[in-house]
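Comments concern the structure below.
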Amino acid sequence: MASASASASAAVALTTAGASAFPPLHTLTRRPSIYGTEDRIVLDIGSLYIKCGFSGEPRPRHIIPVFAGARKSRSPEGEGYRVAGEFAELFKLDVMSDAQALQYLEDRLTQILHDIYFRYLLTDPKQRKIIICESPLAPVCVKQVVAKVLFQNFQVPSISWAPLHLLALLTTGLTTGLVVDCGNLESTVLPIYAARPLTPFIRTTPLAGSSLTSRLRDLLLEHGRIVLPSNLHASAAPRNPVPEKLLTHALLEDVKTRFLFVSPVSARHRSPRRRSSARPSPAEQDEDEDEDMTFAFATDVKYPVRLDDQHGQNDGNSVATLIIPGWVRERAAEVLFEGDEDEASVAGCILDVLVKLQPDLRRPLISSILLIGGTTLLPGFETRLHQELLHTLRNPSELERIRYARHLSGVAESIAFLDDPEAPHGGSGRVFMGNCRGWVGGSLIGSLKSSGPEVLKEKFVGMVPDWSTGSGNAEQQSAVVV
Amino acid sequence: AEESFLHQWQGAIRLAVTVTQLAIPTLLPTIMSMNLSPFVHYHCPCPDIYFESDAAVDAASTTAPQACLRDATQTLDINSPRTDFSLHPLSRLYFCEDCHQIRCPSCVQDEIVSYYCPNCLFEVPQATVKSEKSRCARNCFQCPICQNTLSVVSSSESAVGTQSTTATAVGPYFLSCSVCRWDSQEIGITFERPNSLAPVDWAQYCPQNALFAYHHRPIVQLQKNEEALPDVKEFEHLKEHFDKFLRGPSPPAHSNLLSVSSVSAFSRMGVNPATQQQQRADEIGKYEPEVKVPNDDVAKTQSLISVKHVNEVTTLSQRVNQLHDQPYHTSKIHPQRINLRIKRSKRCRTCRHILIKPEQKAQATRFKIKLVAMIYIPTISIVKLPKKNWPLQLGIPTQFVLKFTNPLYEEISVTLATPHQETEEQRRRGSRTSSSTDGVSSAKQSLEHKEEPKTCGKPPFLWTKQVTLLSPHFTVGPYDEVWGYDEELSSLSGATTPGSASIRSGTSGFSFKREKHNSLAAGWEAGVYEKRNNFTSILVEVVPEKEGEFKVREWFPILVTYTYRPDDDNKMDTAGDAVDAVDDDASSTHSSVYTDEDGNVSHSHKAGAARHSDDEKSEEGLKSYSFWTVVGLGEVVARDATV
């Protein structure tokens, strides 16, 4: 069928190409074959966004939010399928505990992958092998569901899994680095030395995109104001507190990705009280917020919100204004840097990893930090993280001194980021965006005809290769001991 | 195993006959809101998605798990989140003639027929799809702001406002969005000719500063320069870099970059000291990047700090259309070429027959093969009765009409059932004996498929609201094209409407019930609201009950079974679709369910819904098919709200 369609449409191709005299766009890229079916499909399946595209290409074709179109929705005109659906993460970290959640995940994945194949990538799933970029701590059951859907429903010929952090690191041209993946559900810090992920030294914290979202919700509930549509002048109109149901996940995600940034310096470093790592009392928190308000200098943003009446109807005029205070925009991301003993901050995770590492690895790794993941795209994130690391190492609190500074003396000067072109190991800068780097690495190894452990469709019996299962387990433990 | 499986089925039905007022049905005000709108969705259990592999995996296993599997597919737990994915409006469903089953979008297999641009409708050959990264290589661009199609306009033309031709339309052209009024002049993109495909050497405009040129190039270069972007160069460079390493003199064991990183290799490093050889293999060589992109983090932060208006900052959906840099500022996003689309044919996963096959040409909207469920399955629509409360109110019994429209050329006999509920209400009046069909005329009796409502005792349905089908058995007249032209012919169908007749006689609900007992023939179609042409409307009564505070809408499942005698002469498109062989034990499989006065239901053989081909009944040439539907009645308001 494919050949028939190709020959039938060849005439069209010739005429269009002839008329435009337009040279093919791919002159720079090496093209293996005319249909390129040996190009593999690279998927980076996150809990909120799926990055998809073909191997050998320098960027994913699409980043697809899992919350749009994942569910049926009906528009007033009829049955629309692509209306943004309910906002729900594809999976949560505790997905393993709930069999129904897994089934739900399977159904949603089926639908999303169907869209990916037939609406975005426009390719036959049966023809192409797949590379999946996987986080080392991704729940194995999620991997299994993904494999099941791909093999059984889409009948893909094979799937190979490759470690996301290593892939991201490869896009810098290096094989040694400290990869910090700050995504939606969790932040992961994984040291990689000579292309070997040192998985036993991995550190994670749930402080990531989703915790930022909930912090933003809390702040907006308390400090945001809403101006209902009225004829009054904006300055005279009454400012009401924000109703809770207005702050949908979709709205928060939009605010988060558009208006939040990370303040370069923490206001809290000024106050000595905050040197303790204990969770602050409510009163202290209020004080903190006062400080935040005082030291913030970002503008307030007037964010238009469409109000629905109780029947969900919209008469068109009901656009209210949500006022997002500037300091909220600036300080919401503080949550990522407020760790305690249970949940280390992102900076704390990095230092934890360093302390655990062999001393001779600390300096090369701290001088090649690579930030990946969507949350690291917040403007100012890298600067702030650098500040936090420096601050903890140079002016440690009592606890921090015991925990980090004792072991890590002299490391502070070496801190450098791989995507900073000025840094010693600094490569090409942000030529690949942080949220795509893992995918780009997958594309890279795909084009190099290299890949991780592969499972063929015929061999698939429901199990997937994972470092945490199978024969590697005992060796892993011994490695930890050593 | 099958016996035990069958024993799980229990059926019950509540037949309550009440009198309704005679009224002209009016359509519901279409939709009240996105999610709270009334709907009738059809359930597709998608039995065959995992067919092949399950067969492979479960080959050796006993039938018990399969029975469980079947059980799961045949009950409908509308509270399960899965049903979100198995309920579809009829218009989205297909029907496989060979399997005699509904197929939904997720249980058919898609195959690509052709690629085309949704804007210019040009068909794109597969090789071009690859090289152009599945985007339209012609004049089609999408708006960077709202992702609608951009059109090429001349600046002089737009200034004068003339619709007319190119004689006056000269001078710089630009792209304009008719939806959000964005135009490419805002970001300084204009070009000389409307035919933007003419290749222009953009470098001649600005050979020194590539970045400047990139942002100020004519529109053609939007396409051409995709290849000159820094990430493309860097990616190629990286490929060469690692290629050298992989193809280099390193031992074959390390030729695979990722095998080095695999678990065993890692533990080798952890446990054993690395060998000399390995160390050599590790040295991948210094990497000098091809490009250096300056860090704009600080500038980005600065501009965000002082952002004045919401629209200055791009949304995520705008950003992901420009994935190589994902800019924050609206002025930095550019028009993108339009993504191509595909025409697909769809296959049944079980029998591999094609269900949908479109014409290959992009402009053609016809289908070579089109087996949609609408021409096989009765269409069910909700009709509101006048003077009835709507939206539904909590605790107030409300009647409405379900209208069944028959697409077949044969009269069908429909049996409805709701899942069994052990409620007092149900026990009180839910008694129904199979004898209710005794008085039906012989033709109808033969058509009447005595399969009783099938419900499953476990898992129990969690919903507790009261649904009363006033007429669980009725017939729907055959479809005839003539009716499309002449409404008056409806009376020729000859079918009187017992419901309306009794209503005309002014009987009360009680007398109507009595009538049923006295004259079962008349009572057989009691509760039928209207019966004309090829549709029959029946009355349904619901009592919305609040269940948990999150329950804001009313919905309930109905199992629909319809039976007809296929007549090959009349059938339009069933070449070779022979009536299946008569089932050997048809009589036993069609034994009725007996419900005694206590509402206890004896089991029914063959109670499973017709989810499997073996369920296809062919007693005396009859065909029957069962499917679940879920009727949603929209929002339920508190009783006080509308008083």
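Chain naming here is simple, since letters A, B, ... match the order of the sequence lines and numbering starts at 1 in each. All values below come from the heavy atoms of this structure, side chains included, with hydrogens, waters and symmetry mates left out.
Aromatic pair B:Y287/B:H237: centroids less than 6.0 angstrom apart.
Interface remark: of the candidates A:L121, A:T172, A:V301, A:T172 forms the most heavy-atom pairs closer than 4.5 Å to chain B. Note on B:V320, B:N321, B:I342: by heavy-atom pairs under 4.5 Å with chain A, the leading option is B:I342. No other option in A:P264, A:C436, A:P60 has as many heavy-atom pairs under 4.5 Å with chain B as A:P60.
For A:I192, no part lies near chain B; criterion is any non-hydrogen pair under 4.5 Å. Both the backbone and the side chain of A:F259 come within contact range of chain B, each with at least one heavy atom under 4.5 Å from a heavy atom of that chain. B:T314 touches chain A through its backbone: at least one of N, CA, C or O sits under 4.5 Å from a heavy atom, while the side chain does not. Contacts between A:T176 and chain B at a heavy-atom distance below 4.5 Å are absent for every atom of the residue. Of the two parts of A:F118, the backbone and the side chain both hold a non-hydrogen atom closer than 4.5 Å to a non-hydrogen atom of chain B. If you measure heavy-atom distances from A:V440 to chain B, the contacts under 4.5 Å come from both the backbone and the side chain. Of the atoms belonging to B:R341, it is backbone heavy atoms, and not side-chain ones, that fall under 4.5 Å from chain A. With a threshold of 4.5 angstrom between heavy atoms, B:N295 approaches chain A through its backbone and through its side chain.
Using modelled atom types, no side-chain atom of B:S114 and backbone atom of B:A362 make a donor-acceptor pair closer than 3.5 Å.
For the pairing with B:D110, the salt bridge (Lys or Arg N to Asp or Glu O under 4.0 Å) check across B:R349, B:K357, B:R344, B:K343 returns one residue only, B:R344.
Among all heavy-atom pairs drawn from B:A137 and B:R337, the shortest one is CA-NH1, 4.0 Å.
Geometrically, A:R329 does not engage A:F261 in a cation-pi contact defined by less than 6.0 Å to the ring centre and at most 45° from the axis.
Every ring-ring contact (aromatic ring centres under 6.0 Å, His included) that A:Y117 has, sequence neighbours left out, goes to A:F154. Evaluation of the side-chain hydrogen bond (donor to acceptor under 3.5 Å, both in side chains) rule for A:D254 yields A:R258, A:Y303 as partners, not counting sequence neighbours.
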